[in-house]
Novice: 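Have a look at this one before I ask anything.
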Amino acid sequence: MNTTRRDFLKLGLAASTALVPLPALAQGAGPRAVVVGGGFAGATCARALRHADPRITVTLVEANPTFTACPFSNAVIVGLRELSAQQFTYDRVTADGITLTRGMATAVDPHARTVTLADGTRLGYDRLVLAPGIDIRWGAVSGYDEAAAAQMPHAWQAGEQTLLLRRQLEAMDDGGLVVISAPANPFRCPPGPYERASLIAHYLKTKKPKSKLLVLDAKDTFSKQRLFQAAWAELYPGLLEWVPLSKGGNVTSVEPATRTLVTDFGRHKANVANVIPPQRAGRIADAAGVADRTGWCPIDPVTFESKLQPRIHVIGDAAIAGAMPKSAFAANSQAKTCAAAVAQLLTGGTPSTPKLINTCYSLVAPDYGISVAGVYQPSANGQLADVPGAGGVSPQDAPRATRAAEAVLAEAWFRTITTEVFG
Ligand SMILES: Cc1cc2nc3c(=O)[nH]c(=O)nc-3n(C[C@H](O)[C@H](O)[C@H](O)COP(=O)(O)OP(=O)(O)OC[C@H]3O[C@@H](n4cnc5c(N)ncnc54)[C@H](O)[C@@H]3O)c2cc1C
């Protein structure tokens with residue numbers, strides 16, 4: 001052990017004994033990392049921290065007993081997959097020597113370096129990693145509150161909402177109108193609304209062919225747009241209509257009682273309405289003082305340490321990660337970078353400059369996949385920027401065999417990442 005680390009541990013332990021009020025959970029003798037949120041970002045980070053240095057005691061705070069994954073939940077909505085295939089326990093995470101604390105983190109005291117849970121439990125930390133994912137901005141679309149979501153599901157956090165949208169589609173008569181509203185940037189999973197539109201179009205084409213799907217968009221452009229639109233023209237002509245912002249796509253209010261979506265240009269009464277609303281970082285980010293006025297969390301791109309609060313790191317969807325999209329792949333990549341940096345910082349080392357990666361697959365039909373990939377690095381302006389020439393999208397004119405191969409790769413990616421994070 002070098003002098004810096006020994007001094008740090010002495011100081012850290014002395015400080016923690018003095019600062020953590022009782023009743024604080026006993027968390028072991030090494031430097032203490034607490035991770036809030038056991039999703040793609042948080043569970044990856046907790047495990048990577050233990051692997052980086054087993055002397056670090058790692059506590060993972062997670063509200064739910066099982067994790068329900070969003071990637072592939074669009075396939076659940078249209079009956080191609082069961083929700084159980086999306087659900088993962090924390091058994092293997094705890095087997096790595098991580099202490100799992102079940103509960104909702106409700107407060108952070110950055111000065112005392114404590115996290116408080118809804119039941120009053122307090123945890124002391126030397127470094128805190130927040131990975132809470134997203135919260136819905138209720139009311140940002142006028143009339144869209146939690147009660148409205150029971151009529152017009154968002155299904156943007158997988159679970160009951162996913163099943164509700166599925167049941168509504170199943171119950172709809174042939175000849176019905178399905179409306180999806182997509183939000184302005186930034187939001188979780190940029191290609192997600194268009195994958196969902198594609199799979200719902202596939203469902204309608206095969207099960208309810210007299211029906212129609214309208215996508216009302218608060219943007220004029222979207223991820224993998226040329227690929228999606230070429231596939232829609234080929235697979236779903238006359239069935240799926242996309243209305244961009246400039247043609248009246250921005251939904252300003254909803255009327256849940258009649259499943260009506262209102263834009264500046266008109267009113268659309270749906271049989272099934274899927275409102276994907278504006279979002280923000282999970283609420284603990286606000287409580288910790290790490291979210292800025294955008295609702296998201298500015299971070300240092302080398303360490304993912306908050307630009308607003310020292311010793312608190314933010315990863316996954318909650319972070320402002322520059323050119324990186326809000327995806328499970330990105331969350332996993334950020335978590336490993338952050339864990340390596342936190343392990344260095346806790347033991348007196350210097351974090352090294354990272355390169356991060358992302359690939360997002362989307363299904364346009366069950367046997368038709370497309371993808372976008374990117375590589376990112378910290379730039380001079382303190383953001384994560386694209387490494388020029390390192391990314392790309394699926395070729396525009398690929399044969400169907402290539403699309404089928406990408407659909408298989410998408411499944412393989414999901415199996416690989418969920419095995420790495422939860423298996
Ligand atoms: C329909 C859809 C399809 C998608 N498809 C893909 C895809 O194909 N590929 C891809 O890469 N990404 C995809 N995504 C995006 C992906 O799901 C997210 O980017 C990813 O889940 C972000 O990970 P996270 O860890 O930041 O958040 P989450 O995975 O949401 O995890 C957050 C966790 O924190 C917990 N939590 C939150 N607050 C607290 C608190 N205060 N106390 C305790 N626990 C808390 C939650 O319970 C949750 O378990 C998709 C998303 C959607 C909606």
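Read the numbers this way: they start at 1 and go in the same order the structure lists the ligands and their atoms. Worth knowing before you read on, the calculation uses all heavy atoms, side chains too, and leaves out hydrogens, waters and symmetry mates. Computed from a prediction, not measured in an experiment: that's the story for all the values here.
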Novice: Look at atom CZ of Arg167 and say whether more than 12 heavy atoms of other residues, nucleotides or ligands are closer to it than 6.0 Å.
Specialist: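 Yes, enclosed.
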
Novice: I'd like to check whether Glu62 has a polar contact with ligand 1, where a contact means an N/O of the residue lying under 3.5 Å from an N/O of the ligand.
Specialist: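 Between Glu62 and ligand 1, an N or O pair is found under 3.5 Å apart.
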
Novice: Using a strict 4.0 Å cut-off to heavy atoms of Phe67, name the atoms of ligand 1 that fall inside it.
Specialist: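 Under 4.0 Å from Phe67, ligand 1 has these atoms: 29 (O), 31 (O), 49 (O).
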
Novice: Pairs of nitrogen or oxygen atoms closer than 3.5 Å, one from Phe329 and one from ligand 1: do any exist?
Specialist: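 Such a contact does occur with ligand 1.
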
Novice: Taking Arg280 first and then Asp135, would you say they form a salt bridge - that is, a charged N and a carboxylate O separated by under 4.0 Å?
Specialist: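 No, this pair does not count.
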
Novice: Do Asp367 and Arg400 pass the salt bridge (Lys or Arg N to Asp or Glu O under 4.0 Å) test, and can you show the C-alpha distance, the side-chain angles, and the key distance before you say yes or no?
Specialist: CA-CA 9 Å; Asp367 60 350; Arg400 279 303 288 270; 3.6 Å; yes

Novice: Heavy atom to atom 53 (C) of ligand 1, shortest distance: which of Trp413, Trp156, Phe414 holds it?
Specialist: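 Among Trp413, Trp156, Phe414, the closest heavy atom to atom 53 (C) of ligand 1 belongs to Trp156.
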
Novice: Are Leu83 and Leu163 packed together at the side-chain level, in the sense that at least one heavy-atom pair is separated by less than 4.5 angstrom?
Specialist: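 SC-SC contact between Leu83 and Leu163 confirmed.
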
Novice: Looking only at distance, does Ala105 have an N or O less than 3.5 Å from an N or O of ligand 1?
Specialist: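 So ligand 1 has an N or O lying under 3.5 Å from an N or O of Ala105.
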
Novice: Select the closest option to atom 43 (C) of ligand 1 among Pro132, Gly103, Cys189, Ala107, judged by heavy-atom distance.
Specialist: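 Among Pro132, Gly103, Cys189, Ala107, the closest heavy atom to atom 43 (C) of ligand 1 belongs to Gly103.
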
Novice: Could you check atom 34 (O) of ligand 1 against the protein and tell me its nearest heavy-atom contact, residue, atom and distance included?
Specialist: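 Of every protein heavy atom, Gly37 CA, 3.2 Å lies nearest to atom 34 (O) of ligand 1.
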
Novice: Numbering the atoms of ligand 1 from 1, which are under 4.0 Å from a heavy atom of Val36?
Specialist: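 Checking each atom against Val36, I get 40 (C), 42 (N).
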
Novice: Check step by step if side chain to side chain contact (heavy atoms under 4.5 Å, CB included) holds for Leu239 and Lys205.
Specialist: CA-CA 8 Å; Leu239 196 162; Lys205 181 179 168 179; 3.8 Å; yes

Novice: Which heavy atom of the protein is the closest neighbour of atom 44 (N) of ligand 1, given with residue, atom name and distance?
Specialist: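 Nearest protein contact, heavy atoms only, for atom 44 (N) of ligand 1 is Ala63 N, 3.2 Å.
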
Novice: How about Lys307: does its NZ atom have over 12 heavy atoms from other parts shown lying under 6.0 Å from it?
Specialist: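 Check passes, neighbour count above 12.
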
Novice: Looking at Lys224 and Glu195, is any side-chain nitrogen of the basic one under 4.0 Å from a carboxylate oxygen of the acidic one?
Specialist: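 Looking at Glu195 and Lys224, the cut-off is not met.
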
Novice: Checking contacts here: is it the side chain or the backbone of Arg196 that comes within 4.0 Å of ligand 1, counting heavy atoms only? Could be both or neither.
Specialist: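 Side chain only.
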
Novice: Does ligand 1 have a heavy atom under 4.0 Å from the side chain of Asp317, from its backbone, from both, or from neither?
Specialist: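 Contact part for Asp317 vs ligand 1: both backbone and side chain.
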
Novice: For Asn74, take its heavy atoms, then give the atoms of ligand 1 lying under 4.0 Å from any of them.
Specialist: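 The list of qualifying atoms is 1 (C).
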
Novice: Residue-level breakdown please: for Lys326 versus ligand 1, do any non-hydrogen atoms fall below 4.0 Å on the side chain, on the backbone, on both, or on neither?
Specialist: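 For Lys326, the contact with ligand 1 is made by the backbone alone.
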
Novice: Regarding ligand 1, does Glu195 bring an N or O atom to under 3.5 Å of one of the ligand's N or O atoms?
Specialist: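 It does not: no N or O of Glu195 is found under 3.5 Å from an N or O of ligand 1.
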
Novice: Quick one, Tyr90 with Phe67, criterion ring pair (Phe, Tyr, Trp, His ring centres under 6.0 Å). Give me CA distance, side-chain angles, the key distance, then yes/no.
Specialist: CA-CA 8 Å; Tyr90 290 96; Phe67 178 70; 7.1 Å; no

Novice: Leu130 and His313: side chain to side chain contact (heavy atoms under 4.5 Å, CB included), yes or no, with the steps?
Specialist: CA-CA 6 Å; Leu130 295 180; His313 302 247; over 6 Å; no

Novice: For ligand 1, which atoms, with element, lie under 4.0 Å from some heavy atom of Phe40?
Specialist: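 Those of ligand 1 that fall under 4.0 Å from Phe40 are 20 (C), 21 (O), 23 (O), 25 (O), 29 (O).
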
Novice: Taking 4.0 angstrom as the limit and counting only heavy atoms of Ser73, give me the atoms of ligand 1 inside it, by number and element.
Specialist: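 So the answer, numbered in order with elements, is 1 (C).
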
Novice: Which residue supplies the protein heavy atom nearest to atom 30 (O) of ligand 1, what is that atom called, and how far is it?
Specialist: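 I find the closest protein heavy atom is Arg188 NH2, 2.6 Å.
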
Novice: Could you list which atoms of ligand 1 come closer than 4.0 Å to a heavy atom of Ala131?
Specialist: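 Those of ligand 1 that fall under 4.0 Å from Ala131 are 32 (C), 33 (C), 34 (O).
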
Novice: Measuring centre to centre across the rings, with the benzene-like ring taken for any Trp, is Phe222 within less than 6.0 Å of Trp242?
Specialist: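 Yes, ring centres under 6.0 Å apart.
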
Novice: Examine the proximity of ligand 1 to Pro71 and report which part, side chain or backbone, both or neither, has a heavy atom under 4.0 Å away.
Specialist: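 Under 4.0 Å from ligand 1, Pro71 contributes backbone and side-chain atoms.
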
Novice: Within a 6.0 Å radius of atom CZ on Arg92, are there more than 12 heavy atoms belonging to other residues, nucleotides or ligands?
Specialist: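 Atom CZ in Arg92 is not packed in, count stays at 12 or less.
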
Novice: Tell me: protein heavy atom nearest atom 31 (O) of ligand 1, and distance?
Specialist: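 The closest one turns out to be Gly39 CA, 3.3 Å.
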
Novice: What verdict does the side chain to side chain contact (heavy atoms under 4.5 Å, CB included) test give for Gln383 and Met324, after you've listed the backbone C-alpha separation in whole Å, the side-chain angles of each residue and the deciding distance to 0.1 Å?
Specialist: CA-CA 10 Å; Gln383 296 290 335; Met324 280 193 104; over 6 Å; no

Novice: Got an N/O contact under 3.5 Å between Ala41 and ligand 1?
Specialist: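 Indeed, backbone or side chain, Ala41 has an N or O that close.
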
Novice: Run the salt-bridge test on Lys212 and Glu241 with the 4.0 Å N-O cut-off and return the result as yes or no.
Specialist: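 Counted as a salt bridge, because a side-chain N and a carboxylate O are separated by less than 4.0 Å.
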
Novice: Under 4.0 Å from a heavy atom of Met104: which atoms of ligand 1 are those, numbered in the order shown and with their elements?
Specialist: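 Per the distance check, 39 (C), 40 (C), 41 (N), 42 (N).
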
Novice: Give the atom numbers and elements of ligand 1 that come within less than 4.0 Å of a heavy atom of Tyr361.
Specialist: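 Result: 8 (O).
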
Novice: Below 3.5 Å, N or O to N or O, backbone or side chain included: is there any such pair between Ala328 and ligand 1?
Specialist: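 Yes - when backbone and side-chain N and O of Ala328 are compared with those of ligand 1, one distance drops under 3.5 Å.
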
Novice: Are Leu245 and Asp217 side-chain neighbours, meaning at least one heavy-atom pair lies under 4.5 Å?
Specialist: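 Leu245 vs Asp217: side chains apart.
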
Novice: Tell me the contacting part of Arg283 for ligand 1: side chain, backbone, both, or neither, using a 4.0 Å heavy-atom threshold, strictly below.
Specialist: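 The answer is neither; Arg283 stays 4.0 Å or more away.
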
Novice: Please check whether Cys70 reaches ligand 1 - meaning an N/O of the residue sits under 3.5 Å from an N/O of the ligand, judged on distance alone.
Specialist: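 For ligand 1, there is no N or O atom that lies under 3.5 Å from one belonging to Cys70.
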
Novice: Check whether the side chains of Thr66 and Gln87 place a donor and an acceptor atom closer than 3.5 Å, and report yes or no.
Specialist: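 Short answer, no.
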
